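These notes concern the structure reproduced below.
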Amino acid sequence: MKAQPDLSVSIGALKLRNPVLAASGTFGYGSEYGRFVNLSDFGGIVTKTLTPEPWPGNPPPRAAETAAGMLNSIGLQNVGVEAFVRDKMPYLRKMDTALIVNVGGGPVEEFVYVTERLSDCEGIDALEINMSCPNVSGGLDFSTDPRRAGELVSALRSITDLPVIAKLTPNVTDVGEIARSVEDAGADAISAINTLRGMAVDIRTRRPVLGAVTGGLSGPAIKPVAIAAVYRIASQVDVPVIGIGGIMSGEDAVEFLVAGATAVQVGTANFVEPRSGASVARELAGWCAASDIHSVRTLIGSMRIPSQEDVPCHPL
Amino acid sequence: MKAQPDLSVSIGALKLRNPVLAASGTFGYGSEYGRFVNLSDFGGIVTKTLTPEPWPGNPPPRAAETAAGMLNSIGLQNVGVEAFVRDKMPYLRKMDTALIVNVGGGPVEEFVYVTERLSDCEGIDALEINMSCPNVSGGLDFSTDPRRAGELVSALRSITDLPVIAKLTPNVTDVGEIARSVEDAGADAISAINTLRGMAVDIRTRRPVLGAVTGGLSGPAIKPVAIAAVYRIASQVDVPVIGIGGIMSGEDAVEFLVAGATAVQVGTANFVEPRSGASVARELAGWCAASDIHSVRTLIGSMRIPSQEDVPCHPL
Amino acid sequence: MSTIPICQYDAEILSNRQIGPGLYWIDLLAPEISRHAQPGHFVHLIASDVSKDSSRQTWLRHTPLLRRPFSIAERDPEKGVFGLIYRIVGGGTEILATRREGERVDVLGPLGRTFEPIRAGRPVIMVAGGVGVAPFLSLAQETVRDGRSDPAEMTVLFGAATAGLLSGEEKFRQLGVDVKLATDDGTTGHHGLVTDMLERELARSPRQCAYLYACGPTPMMRRCQAIAREAGIDGQVSLEGIMPCGVGVCMACVVPCVIPGDRSSPRRYERVCDTGPVFDMEEVVL
Amino acid sequence: MSTIPICQYDAEILSNRQIGPGLYWIDLLAPEISRHAQPGHFVHLIASDVSKDSSRQTWLRHTPLLRRPFSIAERDPEKGVFGLIYRIVGGGTEILATRREGERVDVLGPLGRTFEPIRAGRPVIMVAGGVGVAPFLSLAQETVRDGRSDPAEMTVLFGAATAGLLSGEEKFRQLGVDVKLATDDGTTGHHGLVTDMLERELARSPRQCAYLYACGPTPMMRRCQAIAREAGIDGQVSLEGIMPCGVGVCMACVVPCVIPGDRSSPRRYERVCDTGPVFDMEEVVL
Ligand SMILES: Cc1cc2nc3c(=O)[nH]c(=O)nc-3n(C[C@H](O)[C@H](O)[C@H](O)COP(=O)(O)OP(=O)(O)OC[C@H]3O[C@@H](n4cnc5c(N)ncnc54)[C@H](O)[C@@H]3O)c2cc1C
Ligand SMILES: Cc1cc2nc3c(=O)[nH]c(=O)nc-3n(C[C@H](O)[C@H](O)[C@H](O)COP(=O)(O)OP(=O)(O)OC[C@H]3O[C@@H](n4cnc5c(N)ncnc54)[C@H](O)[C@@H]3O)c2cc1C
Ligand SMILES: Cc1cc2nc3c(=O)[nH]c(=O)nc-3n(C[C@H](O)[C@H](O)[C@H](O)COP(=O)(O)O)c2cc1C
Ligand SMILES: Cc1cc2nc3c(=O)[nH]c(=O)nc-3n(C[C@H](O)[C@H](O)[C@H](O)COP(=O)(O)O)c2cc1C
Ligand code: FES
Ligand code: FES
């Protein structure tokens, strides 16, 4: 029998049992799926974006199914950082897996407020900064403008000892530029991607399907876009990249690792298969074993580009 | 029996029998599908992007299937404008449908060269400018920088009497900004979207699946992104918008029209169903008839956003 | 959040048959779900065949992508079986209708908040529109089975577009529950809206209804709210909502709610899958 | 571009059966395609059920999205039938294998450039790897049917991973064509590569081969090129390529080509679907 492959990876100071995390907004505050899913199957869990105050979110409908994907316009409905610390942390603290808390807000001060409140709080392993939620006005600005993205990360970097992970949007001309800027500002890692800007129209009523008109596209449909973004970011920065977008299987996870990711997050797939974390990690282990790979770390960024043939192709 | 709905639309001076066009690069030079598809079922046909000289394109593999979509990295392999005029135009001229010729190139001078050569050529109804091919180096620049996009369109607008349609990429922070700029520069219409930047990795060989590493994503997977882009562009400009991205059915076409498109192009669907032009137009007519719509023109931009309830939702 | 355990089952299809135009009944073997389910619970299932011994890519097995929610219409805890009634409206339900006996369906449940039980001496009316009848089949069956109330104290008002869509009706009669039918096209029963029937019913014998349940299209439920308010009757509605997760994590399925009785109180968005699908009639803004 | 008309058929499945491990044979009723097909032609088909009388959204019927190319392995122009041999490698072929007799498959064809015909007095060897045998079943069948050449002047060298994958072999024997087998695992025939067998064959009786055909995995065909070049024999290879359109419009399926005999001539990209799939052996750079 082959030895179990070593699945552990590090995101800076943060050690993960395996590289499969649950993505923010798709796993609530852990306890919901915790009722019937073994959370320790995950390398870690990223909780729903928190704002300083409870936030009502967008008008419904907030979701629509699309070809191999879904649109959502939740608009960051969340309990607010106080209720989170009071009501959700006791459960999350007992959970046997890494806890990454996702931080959001409108102006920089709100991010700062949430970050400060969480930095005091025992049991949190890292913060992920949602600079890219397309569903709140202004939310996009931070990760579409390299300067502002850098400013936000600097502001947070200086007030917490926790690892700071910047989560980027794909809805930009060059995600590599934003990545360089947040790395320079001190981000310990980069998560990519958040959802793609998308929309659907109900042709019967001639109304937008989503109450908020536009929303974010996720699921298998966006995987090729996510892989391209991860590859681009990994080519531009030295900090670890966490790949997100359309992952449903262990092979999908391998694809992200080979393209340059150090870990991955599973989002929409949780809705389809609440045990996706477990199955992706298990399939990843199985694939490594079958491919004689002793540590997933050897996969990271291992893509080889074949040299183009010496004789280029001439015009017809 | 109900009267046949009126499917005709105008893109500026260009009158179309119906709003369903074949998208550039997915319908060759007309003659290939013309062997067994009735071209007059289409409102018009957009031919493969032409460059001044024959162009060899990218190394294979050039395509890969993805969830509800495909990646391609053709890299504009084409016969060049001379051979096009000599060998392809005689066939195209006899075709009973509108002919839109797609123009490409590297530097502005190449676009100018192709445009001048085509402006002399009888039988062409409009030019579509591919400012957005993600598969040739530099190709993206024209439609990611509003200033350069405007310059290119101005240069071409001044040397031809044909309607000039600017085809935009979705791989930008704000496609609305580019749209405004090409409208100001004199574009008669705007086509959107070209493919999304994407990539896939063969995990067995750890090589990129495409010879060119990255490629463009098309098909039903990208429809929500395309609808959002069309809606955004239509809100920013007055010229007609031609919607493209993932259209497979008459209902998809209606969705684009309601979101603000005056016409649509069918791309990847041609590969799946070579008679997509006919079937989309037929289904569009059927849908209009069933919905008591006498002219498709009444659909254009007819989306209504319901007013948000007076009492906004308060925090929990 | 209910304390009933959520199970995920690879449930065997015991039967899957057409019972009306575009209308189907499916029986699934899932002992734990069937043991715990209460009237009002729903399940979240994968319509397509997702068996793992397949060389199809994971995403390809999962087309369409999301689970589909259906109310439990009947259960037999002894046999470990529960039944659903479903109408073909799109791709998911059409694929479900092609699934055969012996195949397996991935099903998650029981989910959601359940109905206020029916109690003896408190007569109720259940207003059902179309497949909205499903949870009332459960409610009537369980109530009679437990002997909690006399079948004579339950009235079902069941409306649909046409007679063929009133399937399920006979099950109430078997339980001794009175059913009054309404169809939009007049093919059977009252020719018109089921809510008109409700108004007539309340006008005729107001004492016959101490509590009102409603499940069906939104306009129907909105009308039921108004009628109940006017008549001063309490009640519950069972709502639908687009449900990516079905278990309260994604926040997609929300409905605006107010403090019951205070319609001008600040609204908050509540999850249909978790706080609902059953809500107090006066709590939700439809 | 061939002048044979391209047809699109909603072809009835006459039979679809397993003939080896993960290996299937399907017979399709499509009179016009079967009438016009020549050895080397392929068809482009939709694996999933796309019947229009369905409420599934168009994109959902088309999952996976693209057509799948398969070489015609046999045809009966009288009955209007042609047969394909296919191996399950992913989602498309797996779905095809679930399709049943009487159902319909949307098929486009015949497509591509065909083989140089076999002529009497010019003995040939066909080197087949795995399902690469398909076009040679056609080639041998048509040649014998037309009486263009003596079966004794044809030799098939047929290699696969294991004996079970050599299905089709018996059809050559029925035609009187000599087949020599090779398996990677030695379960039958020569234990090793089919190209080693080719070398041995040419060394033993060089006059027995005036023309060489090859179809199979790229390394096999590359080796055949080298062997033919060394032996000074002309020939053809039938290639694969990722084929979105299959009819020459998308430019995806290209292979680099040189002027035959001049390997240092400038390369150009030729479409496998349209200029090929059959190429002169010395024309393509593999
Ligand atoms: C709590 C609950 C209980 C339900 N019980 C029943 C039942 O007992 N019988 C029955 O026939 N139907 C029931 N429905 C509705 C049923 O879920 C939808 O008809 C079904 O999901 C449609 O799927 P589709 O793929 O056929 O349609 P499509 O229109 O192709 O579905 C597209 C997407 O929209 C969602 N969707 C479409 N219609 C509805 C709807 N009415 N409610 C919620 N989501 C929808 C689908 O789940 C899917 O994500 C219930 C819905 C909810 C929320
Ligand atoms: C001209 C031609 C003739 C062929 N004849 C046969 C035959 O007679 N019998 C047979 O079993 N196979 C044949 N093939 C290969 C066959 O087309 C693929 O095995 C099949 O498309 C795989 O589809 P899938 O969905 O099962 O696999 P997946 O791997 O899921 O397919 C994903 C995508 O890659 C493409 N693809 C995967 N493998 C190949 C391949 N080897 N060649 C081309 N495209 C591929 C698919 O078409 C699809 O677009 C032929 C290919 C070509 C080009
Ligand atoms: C319903 C839903 C809610 C989400 N909410 C958040 C959120 O609150 N914060 C955040 O950073 N990302 C959020 N996301 C984005 C996901 O974390 C993830 O980046 C995206 O969905 C792509 O991954 P996937 O394709 O695996 O779903 C949400 C996604 C979905 C589908
Ligand atoms: C194989 C392929 C080749 C393409 N070539 C071109 C091209 O030469 N010029 C161009 O402007 N767009 C080209 N496109 C983009 C399409 O015209 C269209 O914008 C895009 O595919 C989105 O539409 P779809 O989802 O309907 O395919 C190509 C697309 C594909 C799939
Ligand atoms: S469906 Fe996800 S919260 Fe209700
Ligand atoms: S498959 Fe499109 S050109 Fe060959």
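Residue numbers start from 1 in every chain, and the chains themselves are labelled A, B, ... in the order their sequence lines are given, proteins ahead of strands. In this text, all values refer to a predicted model and were calculated from it rather than measured experimentally.
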Contact leader toward chain B among Val201(A), Ile222(A), Asp174(A), where contacts are heavy-atom pairs under 4.5 Å
Val201(A)

Answer yes or no: are there more than 12 heavy-atom neighbours, outside Arg206(A) itself, under 6.0 Å from its atom CZ?
yes

With a 4.5 angstrom heavy-atom cut-off, is it the side chain or the backbone of Ile293(A) that approaches chain B, or both, or neither?
side chain

Test applied, side-chain contact (heavy atoms from CB on, under 4.5 Å); reference residue, Thr173(B); option that passes from Val172(A), Thr169(A), Asp145(A):
Val172(A)

Chain A contact via Val213(B) - side chain, backbone, both or neither, heavy atoms under 4.5 Å
side chain

Greatest number of non-hydrogen atom pairs under 4.5 angstrom with chain A, of Pro224(B), Ala228(B), Ala259(B), Gly246(B), falls to Pro224(B)

Of the non-hydrogen atoms in Glu255(B) and Met199(A), which two are nearest, and what is the gap between them?
OE2-O, 4.3 Å

When rounded to the nearest 0.5 angstrom, what distance separates CZ in Arg197(B) from OH in Tyr231(A)?
13.0 Å

Okay, Thr66(B) and chain A: the region with an atom under 4.5 Å from a heavy atom over there is side chain

For Ile203(B), is it the side chain, the backbone, both or neither that has a heavy atom under 4.5 Å from a heavy atom of chain A?
both

With a 4.5 angstrom heavy-atom cut-off, is it the side chain or the backbone of Val254(B) that approaches chain A, or both, or neither?
both

Supply the atom-to-atom distance Met303(B) CE to Asp202(A) CG, rounded to the nearest 0.5 angstrom.
11.0 Å

Could you look at Val225(A) and say if it's the side chain, the backbone, both or neither that has a heavy atom under 4.5 Å from chain B?
both

Between Pro208(B), Ala200(B), Ala226(B), which shows the greatest number of heavy-atom pairs under 4.5 Å with chain A?
Pro208(B)

